[in-house]
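Here the structure is a predicted model, which means the values were calculated and not measured.
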Amino acid sequence: MMSSLTTTLKLLFFYVIFILPILVSCDSCKCETEQTKENSEKNEALHYKLGSIASVLVCGALGVSLPLLSKRIPILSPKNDIFFMIKAFAAGVILATGFIHILPDAFESLNSPCLKEKPWGDFPLAGLVAMLSSIATLMVDSFASSYYQKRHFNPSKQVPADEEKGDEHVGHVHVHTHATHGHAHGSATSSQDSISPELIRQRIISQVLELGIVVHSVIIGISLGTAQSIDTIKPLLVALSFHQFFEGMGLGGCISQAKFESRSTAIMATFFSLTTPIGIAIGMGVSSVYKDNSPTSLIVEGVFNSASAGILIYMALVDLLAADFMSPRMQNNFKIQIGANISLLLGSGCMSLLAKWA
């Protein structure tokens with residue numbers, strides 16, 4: 001019995017001295033290897049996120065700038081027939097963004113099992129918010145158009161033609177150039193006449209459209225910035241780059257037609273270009289505390305996505321497509337009609353296809 005006890009002690013001693021250190025060292029190596037691998041993945045993910053900021057910024061800036069270069073690139077001018085096709089393609093992209101990308105995400109967020117059954121599971125709140133945002137966009141569109149038309153085309157401020165004939169100096173602005181003894185007459189309402197109702201309409205469209213795009217762009221930027229998996233970041237990077245380029249073309253076309261001053265044009269283009277990169281940076285900053293499945297995150301994302309989808313769907317259908325497709329210029333030209341319809345299908349189809357990866 002003593003010999004068996006001695007043998008057991010010897011085996012235990014052998015295990016403690018030789019086997020256990022080896023096992024501990026192996027476990028330590030395994031932990032260190034896993035930790036190193038995790039740090040490597042985080043560093044690689046960080047590089048992809050930084051690359052995505054640059055890529056999305058360049059694509060967005062390029063997309064929104066191309067239509068604004070119509071003076072230097074005649075093919076992009078609104079007077080050119082090709083412009084209708086480019087704008088129809090971009091409108092198809094915006095329409096598919098609302099229907100295929102944003103609205104399903106909104107339903108998924110607000111119907112998540114992480115939220116309480118009441119009220120989130122009892123009613124399609126995403127559809128309700130999208131509908132209300134579309135109606136609100138219509139109201140803003142209508143009231144803003146009415147306000148600016150009354151402001152710029154108030155009949156009480158117009159000078160009757162017969163009064164002008166009776167006194168050539170009434171209602172006119174005199175500009176004297178003493179160096180050349182020149183004398184020029186200009187109507188007091190000429191500055192108002194230079195802004196047509198159609199131009200006011202285009203300015204309202206471009207501003208409301210940018211609002212809807214900006215809300216969505218910040219949210220998708222945060223989604224990419226908070227992503228931790230490289231397999232998730234890679235397709236998002238490619239999809240968002242294409243997404244920003246085509247959305248930028250649609251917005252740039254509206255800004256080009258609105259004929260803003262150079263400063264206002266630059267501000268709107270810059271603002272659009274920076275929104276998604278800023279969203280990515282915000283996502284990177286809050287990634288350590290941000291939880292995709294927290295009730296607050298789901299509700300905020302769902303509501304904002306729903307509102308953004310409603311705005312984009314309304315703008316694409318009413319202000320972009322209906323305005324162009326029902327215009328006399330397109331109605332009287334069968335070739336433009338065919339080209340614009342094909343471009344619309346291509347734009348909506350390409351953007352819908354991107355939903356496979358993002």
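- Between the Ser348 side chain and the Leu344 main chain, a donor and an acceptor come within less than 3.5 Å of each other.
- Paired with Leu312 under the rule side-chain contact (heavy atoms from CB on, under 4.5 Å), one option of Leu209, Leu317, Leu320 passes, and it is Leu209.
- Looking only at side-chain heavy atoms (C-beta outward), Leu110 and Leu298 stay at 4.5 Å or farther from each other.
- Annotation for Asn305 and Ile102: closest pair O-CG2, 3.0 Å, computed over non-hydrogen atoms.
- When hydrophobic clusters are built by joining Ile, Leu, Val, Met, Phe, Trp and Tyr residues whose side-chain heavy atoms come closer than 4.5 Å, directly or via intermediates, Phe123 is not grouped with Phe107.
- Residue Leu321 holds its CG atom at 9.0 Å from NZ of Lys87, rounded to the nearest 0.5 Å.
- A distance of 9.5 Å separates CD1 in Ile280 from CG in Leu57, rounded to the nearest 0.5 Å.
- Under the 3.5 Å distance criterion, the side-chain polar atoms of Ser112 are left unmatched by any main-chain donor or acceptor of Ser109.
- Interatomic distance, CG of Leu346 versus CZ of Phe89, reported as 6.5 Å (0.5 Å rounding).
- Side-chain contact check for Ile94 versus Glu247: some heavy-atom pair is nearer than 4.5 Å.
- What you find for Ser294 and Ser297 is that their closest heavy atoms are OG-OG, 2.8 Å.
- Counting only heavy atoms from C-beta outward, the side chains of Met249 and Val93 never approach each other to under 4.5 Å.
- A side-chain hydrogen bond (donor to acceptor under 3.5 Å, both in side chains) check over residues 127-144, counting only residues at least two apart or in different chains, returns the pairs Asp141-Arg201, Asp141-Tyr314.
- Side-chain contact between Leu66 and Phe245 is present, with heavy atoms from C-beta onward closer than 4.5 Å.
- At least one donor-acceptor pair closer than 3.5 Å links the side chain of Thr275 to the backbone N or O of Phe272.
- When all heavy atoms of Phe83 and Gly253 are compared, the pair lying nearest together is CZ-O, 3.8 Å.
- Figure legend: cation-pi geometry between Arg203 and Phe260, with NZ or CZ positioned under 6.0 Å from the six-membered ring centre and within 45° of its axis.
- Cluster annotation: Ile200 is connected to Met315 through the hydrophobic network of ILVMFWY side chains, with a link wherever side-chain heavy atoms come within less than 4.5 Å.
- In this structure, Leu237 and Ser55 have side chains that are in contact, with non-hydrogen atoms separated by less than 4.5 Å.
- Pairing each heavy atom of Ala91 with each of Ala316, the nearest pair is O-CB, 3.9 Å.
- With salt bridges taken as basic N to acidic carboxylate O contacts below 4.0 Å, none links Arg329 and Asp324.
- Distance SG/Cys254 to CD1/Ile204: 12.5 Å, rounded to 0.5 Å.
- The CG atom of Asp319 lies 10.0 Å from the OG atom of Ser206; values are rounded to the nearest 0.5 Å.
- Cluster membership check: Ile267 does not share its hydrophobic cluster with Leu274, using side-chain heavy-atom separations under 4.5 Å among Ile, Leu, Val, Met, Phe, Trp and Tyr.
- When all heavy atoms of Leu103 and Ala130 are compared, the closest pair comes out as CD1-CB, 3.9 Å.
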Do any side-chain atoms of residues 331-343 form donor-acceptor pairs under 3.5 angstrom with protein atoms, and if so which ones, sequence neighbours left out?
residue	atom	partner	partner atom	Å
Gln331	NE2	Phe325	O	2.6
Asn332	ND2	Pro328	O	3.0
Asn333	OD1	Lys335	N	3.1
Asn333	OD1	Ile336	N	3.3
Asn341	ND2	Gln337	O	2.6
Ser343	OG	Met85	O	3.4
Ser343	OG	Gly339	O	2.9

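- In terms of heavy-atom proximity, Thr276 sits nearest to Ser217 at OG1-CB, 3.1 Å.
- At distances below 3.5 Å, at least one donor-acceptor pair connects side-chain atoms of Ser306 with backbone N or O atoms of Gly302.
- Between the OH atom in Tyr48 and the CD1 atom in Ile53 there is a gap of 15.5 Å [rounded to 0.5 Å].
- Leu240 and Val58 are members of different hydrophobic clusters when ILVMFWY side chains are connected at heavy-atom separations under 4.5 Å.
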* To do: Would you please test Leu46 and Met284 for side-chain contact (heavy atoms from CB on, under 4.5 Å) and show each step?
  => CA-CA 8 Å; Leu46 179 61; Met284 293 170 61; 3.3 Å; yes
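- At a threshold of 4.5 Å between non-hydrogen side-chain atoms, the residues Leu199 and Gln257 do not count as touching.
- Cluster membership for Val129 and Ile313, using ILVMFWY side-chain heavy atoms within less than 4.5 angstrom, is not shared.
- Without hydrogens or angle criteria, Ser52 side chain to Lys49 main chain gives a donor-acceptor distance under 3.5 Å.
- Judged purely by atom type and a 3.5 angstrom limit, Ser256 has no side-chain atom pairing as donor or acceptor with the backbone of Leu68.
- Counting only distance, with no hydrogens or angles, the side chain of His101 and the backbone of Met351 share a donor-acceptor pair below 3.5 Å.
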